[in-house]
There are 2 protein chains.
Amino acid sequence: MNPFHAAKSQNFTQAAKELFITQPAVSAQIKGLEEACNLVFFKKRGRRVYLTEEGKILFKHACKIFEYARELENIVNDLQQLKIGVLRLGTTKTYARYFMPFMISTFHEKHPDIKIQLNEGSSLEMTYSLLEFKNEVAVIAKAEDHPEVQFIPFSREEVIVIAPVNHPLAVKKSVSLQELAREPLIMKEAGSGTRKRVLELFAKAGQTPNILMETGNTEFIKQLVQRGDGVAFLVKEAVLTEVQEKKLAVLPIREKQLFLDVSVAYLKNQHLSPPAKAFIQILDQIKPGDLTLKGIGSLMAKMLVNRNKNLNVS
Amino acid sequence: MNPFHAAKSQNFTQAAKELFITQPAVSAQIKGLEEACNLVFFKKRGRRVYLTEEGKILFKHACKIFEYARELENIVNDLQQLKIGVLRLGTTKTYARYFMPFMISTFHEKHPDIKIQLNEGSSLEMTYSLLEFKNEVAVIAKAEDHPEVQFIPFSREEVIVIAPVNHPLAVKKSVSLQELAREPLIMKEAGSGTRKRVLELFAKAGQTPNILMETGNTEFIKQLVQRGDGVAFLVKEAVLTEVQEKKLAVLPIREKQLFLDVSVAYLKNQHLSPPAKAFIQILDQIKPGDLTLKGIGSLMAKMLVNRNKNLNVS
DNA sequence: TGTTTTATATAAGATCAATTTATGATAACC
DNA sequence: GGTTATCATAAATTGATCTTATATAAAACA
């Protein structure tokens, strides 16, 4: 099995065969070791060799090294075969809440041994987290372009304007940006992809939005709007339930629909770990429609079952 | 400290310095490893290198190997410095009882970490135990010469004849072998050094001893003689107490005193382990007189204190 | 007892792996 | 924008390891 083990079979020639080398090579190796240690590990008697006491002691301990070497090989195999590994994934709170569960569950189903570390922040923060090697992949909007970051869009999400149910504009057939600019706006924080698109929209229309408040917390925004503190632009998916339950009204914008591209982002010209590669590959296979709440319905049960195995979402 | 550790310092050049090799050597090593594993362990960004997730995992496990390698070095050092090791020592029951305690105690005092395995048997059996590698050193009488065994005499013990205190010959001024040959003799077993000398003695005198019984057990012989079952030849040292206490009588042999050489025996042309070498060296330093019961008196206390540390006498 | 077989040691030459030297590319620093 | 620091690469060198061939010695056998 290993040099020592073979030699221990009280036969250098046999050891040589097992190691696919010649007998003099074994003799030389052992001689070298003995000289290096200034100790004798084998004694010869007749045509047999025996381990000395020192040899036995050294052998016993040396075995552990070979054990670990074998273990290391297993680890390398496991790394190749996605049996061990970590996927460090960045995303936004909103995506984590509305799109990620399905993606992660699908990934986890296919690679149940890979640990998943999910980090949240604004799209921009997550873009930088890639550059800082904090995350390897991010599911975010392109809040800012960066020459070293590759964005692969995989889903186009509609951004809508929400208002309190009793809002005067809610009854109108269409609302202009000019009208919206007068309303107090609960805006997503700096670095948000949605915010970027919204600001672009106002700028293009020559309007300046009346930003009442900024926050990264989508749930908080919904609460404020519901209480009548203002209106807000949010991804449709995130307010679906509240709209259906008539807790929030959707203001129909006069201008054409506003969309937000959700992308997988990762560093250009940088090696991707096997888990990261596998994750991106899975995203390629998932049809965008499956990501929405509609698609999730039938998969809810599965997700709940698989959730807490080695799925270290932190 | 080790290749990986150094490389982990996010700097191949630094690693190379620590390893006393050049930077391209480090690069080549890592490239080789990565290619062999079909994995990427380092990623470069700017002028720094970072461990990938896979690199971190492999590194964590590889450290254990280097830990063990360091431990192995310590073991080799300890073997050289007699910090660990086993002394496999053969001797006879009688010597174990009367001479060995002092020798072992002296050895143990000088090399407290060496374990001692004491095996007992007749002198001849112990001679063969050397040839079978069961023991490395033996403290025995030369019961039989052997071309491969080196005997180094270090003590000359007097052999005396003991008889029951009321034995008719006990009152005589001197007893001839002829007279002794008529007495029932409790003889030491085959392979005994004493037996060999006694038989030689009778043979030289043209007499045939009247052997009543053979046994290897010296204490048993003393019991039998005390009970009046016969006379026996034994090493003086072994019957000192009983003679002083007048439980046994000593028959004065007419012929010149009979002596038995106690030797250290070990294999010629065979490497001796450091513990065995150290033991023989200590025997060289001990004056024969110290070995007897007389010499032991003052050392009794010390022996008793030191006895049960890692002194595995089996 | 001598001959054959089996096993290790040794020496010289060949092979292969690892290292160095020299140089190029690239990003950070001033 | 030039300089510095760092890693990559290629070719040459070195050194270690292996092989081939042979010697030696003990066990097996006849």
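No hydrogens, no waters, no symmetry mates; every other heavy atom, side chains included, goes into these values. First the proteins, then the strands, lettered A, B, ... as listed; each starts at 1.
What separates NZ of A/Lys31 from C1' of C/dA7 is a distance of 17 Å, to the nearest Å. Put simply, CD on B/Glu35 is 13 Å from P on C/dA17, counting in whole angstrom units. The distance between atom NZ of B/Lys17 and atom P of C/dT19, rounded to the nearest whole Å, is 18 Å. Taking atom CD1 of A/Ile30 as the reference point, atom P of D/dT17 lies 14 Å away to the nearest angstrom. Spacing between atom NZ of B/Lys43 and atom C1' of C/dA27 amounts to 18 Å, rounded to whole angstrom units. B/Arg48 places its CZ atom 20 Å from the P atom of C/dT26, with the value rounded to the nearest Å. Taking atom CD of residue A/Gln270 and atom C1' of nucleotide C/dA27, one finds them 13 Å apart after rounding to whole Å. Atom CZ in B/Phe12 sits about 17 Å away from atom P in C/dT26, given to the nearest Å.
For the side-chain contact (heavy atoms from CB on, under 4.5 Å) test, residues two or more places apart in sequence or in another chain that qualify with A/Asn38 are B/Gln80. With sequence neighbours left out, the side-chain contact (heavy atoms from CB on, under 4.5 Å) criterion links A/Gln281 to A/Gln285. Scanning for side-chain contact (heavy atoms from CB on, under 4.5 Å) contacts around B/Lys93 gives B/Glu120, with sequence neighbours left out. Looking at residues two or more places apart in sequence or on another chain, you find a salt bridge (charged side-chain N to carboxylate O under 4.0 Å, His left out) between B/Asp261 and B/Arg156. By the side-chain contact (heavy atoms from CB on, under 4.5 Å) test, A/Arg195 is found to be paired with A/Met187, A/Lys188, A/Ala190, A/Ser192, A/Leu199, A/Glu214, residues two or more places apart in sequence or in another chain being considered.
Remark on the helix from C/dT1-D/dA30 to C/dC30-D/dG1: inter-end axis angle 20°, axes from five-pair C1' superpositions, rounded to 10°.
Atom NZ of B/Lys204 has 12 or fewer heavy atoms from other residues, nucleotides or ligands within 6.0 Å.
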I'd like a table of donor-acceptor pairs (distance under 3.5 Å, sequence neighbours excluded) in which one partner is a side-chain atom from residues 21-31 of chain B, with atom names and distances.
from    : atom 1 : to      : atom 2 : distance (Å)
B/Gln23 : NE2    : B/Ser27 : OG     : 3.0

Sequence neighbours excluded and cut-off under 3.5 Å, please list the side-chain donor-acceptor pairs for residues 39-53 of chain B, or say none.
from    : atom 1 : to       : atom 2 : distance (Å)
B/Arg45 : NE     : A/Leu131 : O      : 3.4
B/Arg45 : NH1    : A/Glu148 : OE1    : 2.5
B/Thr52 : OG1    : B/Val40  : O      : 2.8
B/Thr52 : OG1    : B/Phe41  : O      : 3.3
B/Thr52 : OG1    : B/Glu54  : N      : 3.4
B/Thr52 : OG1    : B/Gly55  : N      : 3.0
B/Glu53 : OE2    : A/Arg88  : NE     : 2.8
B/Glu53 : OE2    : A/Arg88  : NH2    : 3.0

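A donor atom on one side chain and an acceptor atom on the other are not found under 3.5 Å apart for A/Thr127 and A/Glu125.
A close approach under 4.0 Å does occur between a side-chain nitrogen or oxygen of B/Asn11 and OP1 or OP2 of D/dC7.
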What nitrogen or oxygen pairs link the protein and nucleotides 19-26 of chain D at under 3.5 Å?
from   : atom 1 : to      : atom 2 : distance (Å)
D/dT19 : OP2    : A/Thr22 : N      : 2.6
D/dT19 : OP2    : A/Thr22 : OG1    : 2.7

